[in-house]
Number of protein chains: 2
Amino acid sequence: MNAIDYRKVSDFFNVFSHPTRVEMIIELLKGKKCVSDIRELLELNQPNVSQHLSLLRLNDIVDWCQEGKRKCYFLKNPQLIKVIFDVLKKNKLL
Amino acid sequence: MNAIDYRKVSDFFNVFSHPTRVEMIIELLKGKKCVSDIRELLELNQPNVSQHLSLLRLNDIVDWCQEGKRKCYFLKNPQLIKVIFDVLKKNKLL
DNA sequence: TAAAGATATTCTAATATCTGAATATGAAGG
DNA sequence: CCTTCATATTCAGATATTAGAATATCTTTA
């Protein structure tokens, strides 16, 4: 009973295991952004942005809302992300 | 100046992005263990354990000491790991 | 409803990662 | 030193992930 789901944990961390996604998440920590904002900020092509966002979506890290023609992405639980990144900062990992 | 090294961050998270390594780390959180202890606990073959441990070593998550014929592995910064996993627990991710 | 802009999906090639088998290295005891 | 036990490294095949091109799907507005 109450066995740890190691896969669930590793899937969560896997979201953060690519530099592009880390950068996306750090940008989203500053506030909601639409796909083309992210595309320009990170200087990536659109499908690449979209693919990484879809992984973030599937892992419940982000959600989005429609704003006109744009889809605006935001962190579902910014507090969680903030806490984790603060821990990294304290440990000189960020 | 002070640019974030996204690769460094993603490399750190990558360590935790495999269920076997998550399980290893959780076991090491309970205390120092030698390779064969880990092998038996996780029911893995020896090279596999060794490979995952080497990744943990290269990323400065663990260190080891010789005890007789055995190599005993331990977390370099258990406090950091503990804090991160506590955050996960609070968020029902663990 | 047609057109245009914004985003998503699919596909492919390149690359990275994982596993397990074989082999190598290193330590302790005789 | 030689043997044995413990661990590490190397290698090859299988699998997964990534970037980018081509294409499809929404959404809004005319």
Side-chain angles (χ1 to χ4, degrees), chain A residues 5-28 31-76, chain B residues 5-28 31-76:
Chain A
D5 188 342
Y6 301 109
R7 170 99 37 179
K8 188 171 147 196
V9 176
S10 61
D11 281 350
F12 174 78
F13 282 115
N14 184 54
V15 173
F16 303 85
S17 73
H18 192 286
T20 295
R21 290 193 295 268
V22 171
E23 191 170 2
M24 281 182 169
I25 288 166
I26 287 179
E27 287 304 327
L28 289 176
K32 187 167 64 169
K33 286 186 176 53
C34 75
V35 177
S36 47
D37 290 341
I38 298 171
R39 207 190 63 66
E40 283 176 23
L41 261 170
L42 308 208
E43 300 184 47
L44 296 172
N45 59 30
Q46 180 270 319
N48 196 355
V49 173
S50 207
Q51 276 181 139
H52 284 300
L53 282 175
S54 116
L55 199 151
L56 294 179
R57 239 186 301 120
L58 289 170
N59 284 279
D60 276 326
I61 302 299
V62 299
D63 208 345
W64 55 273
C65 60
Q66 195 83 37
E67 292 196 1
K69 316 183 160 181
R70 312 285 180 93
K71 271 190 184 174
C72 289
Y73 279 81
F74 55 88
L75 295 172
K76 259 184 137 164
Chain B
D5 187 342
Y6 300 110
R7 171 99 37 178
K8 188 171 148 198
V9 177
S10 62
D11 281 349
F12 174 78
F13 282 114
N14 184 54
V15 173
F16 302 86
S17 74
H18 192 288
T20 295
R21 290 194 293 268
V22 170
E23 190 170 3
M24 281 182 170
I25 289 165
I26 288 179
E27 286 306 326
L28 289 176
K32 186 168 65 170
K33 286 189 175 52
C34 75
V35 178
S36 48
D37 290 341
I38 297 171
R39 208 190 63 66
E40 283 176 24
L41 260 170
L42 308 207
E43 300 183 49
L44 297 171
N45 59 32
Q46 180 270 318
N48 198 356
V49 173
S50 208
Q51 279 179 139
H52 284 299
L53 283 175
S54 114
L55 198 151
L56 294 179
R57 239 187 302 121
L58 290 170
N59 284 279
D60 275 326
I61 302 300
V62 299
D63 207 344
W64 55 274
C65 59
Q66 196 81 36
E67 292 197 0
K69 315 182 163 182
R70 311 288 180 91
K71 272 191 184 171
C72 288
Y73 279 81
F74 55 88
L75 295 172
K76 258 183 139 166

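Just the heavy atoms: all of them, side chains too, but no hydrogens, waters or symmetry mates, feed the values below. Lettering follows sequence order; numbering is per chain, from 1.
Looking at residues two or more places apart in sequence or on another chain, you find a side-chain contact (heavy atoms from CB on, under 4.5 Å) between B/Thr20 and B/His18, B/Met24, B/Leu42, B/Leu44, B/His52.
Taking for each of A/Trp64 and A/Asn14 the nucleotide of DNA chain D with the nearest heavy atom, the 5'-most of the two is the partner of A/Asn14.
Distance, B/Lys69 NZ to D/dA6 P: 6 Å, rounded to whole Å. Nucleotide C/dA6 holds its P atom 18 Å from the NZ atom of A/Lys33, rounded to whole Å. A/Arg7 has its CZ atom 12 Å from the C1' atom of D/dA16, to the nearest Å. What separates CZ of B/Arg39 from P of D/dC5 is a distance of 14 Å, to the nearest Å. Atom CD in B/Gln66 sits about 12 Å away from atom P in D/dA6, given to the nearest Å. Summarising the geometry, the separation between CE on A/Met24 and C1' on D/dT18 is reported as 13 Å, rounded to the nearest angstrom. Rounded to whole Å, the distance from CD on B/Glu67 to C1' on C/dG26 is 16 Å. The separation between B/Asp37 atom CG and D/dA6 atom P is 11 Å, rounded to whole Å.
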Could you go through B/Leu56 and B/Tyr73, starting from their C-alpha distance and side-chain angles, then the distance that decides it, and tell me whether this counts as side chain to side chain contact (heavy atoms under 4.5 Å, CB included)? CA-CA 10 Å; B/Leu56 294 179; B/Tyr73 279 81; over 6 Å; no
B/Leu53/B/Ser50 under side chain to side chain contact (heavy atoms under 4.5 Å, CB included): CA gap, chis, key distance, verdict: CA-CA 5 Å; B/Leu53 283 175; B/Ser50 208; 5.7 Å; no
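For A/Ser36, counting side-chain heavy atoms from C-beta on, the closest listed nucleotide (D/dT28, C/dT7, D/dT7) is C/dT7. Side chain of B/Arg21, nearest nucleotide from C/dC18, C/dT7, D/dA8: C/dC18.
Within a 6.0 Å radius of CZ in B/Arg57, more than 12 heavy atoms belonging to other residues, nucleotides or ligands are found.
Under 4.0 angstrom from either OP1 or OP2 of C/dA8 there lies at least one side-chain N or O belonging to A/Tyr73. The phosphate of C/dA16 has neither OP1 nor OP2 within less than 4.0 Å of any side-chain N or O from B/His18.
Rounding to the nearest 0.5 Å gives a distance of 9.5 Å between CD of B/Gln51 and CG of B/Leu55.
Scanning residues 44-57 of chain B for heavy-atom distances under 4.0 Å to DNA chain C yields B/Asn45, B/Pro47, B/Asn48, B/Gln51, B/His52.
In this structure, B/Phe16 and B/Val22 approach most closely via the heavy-atom pair O-CG2, 3.2 Å. Residues B/Asp11 and B/Asn59 share a closest heavy-atom pair of O-OD1, 3.9 Å.
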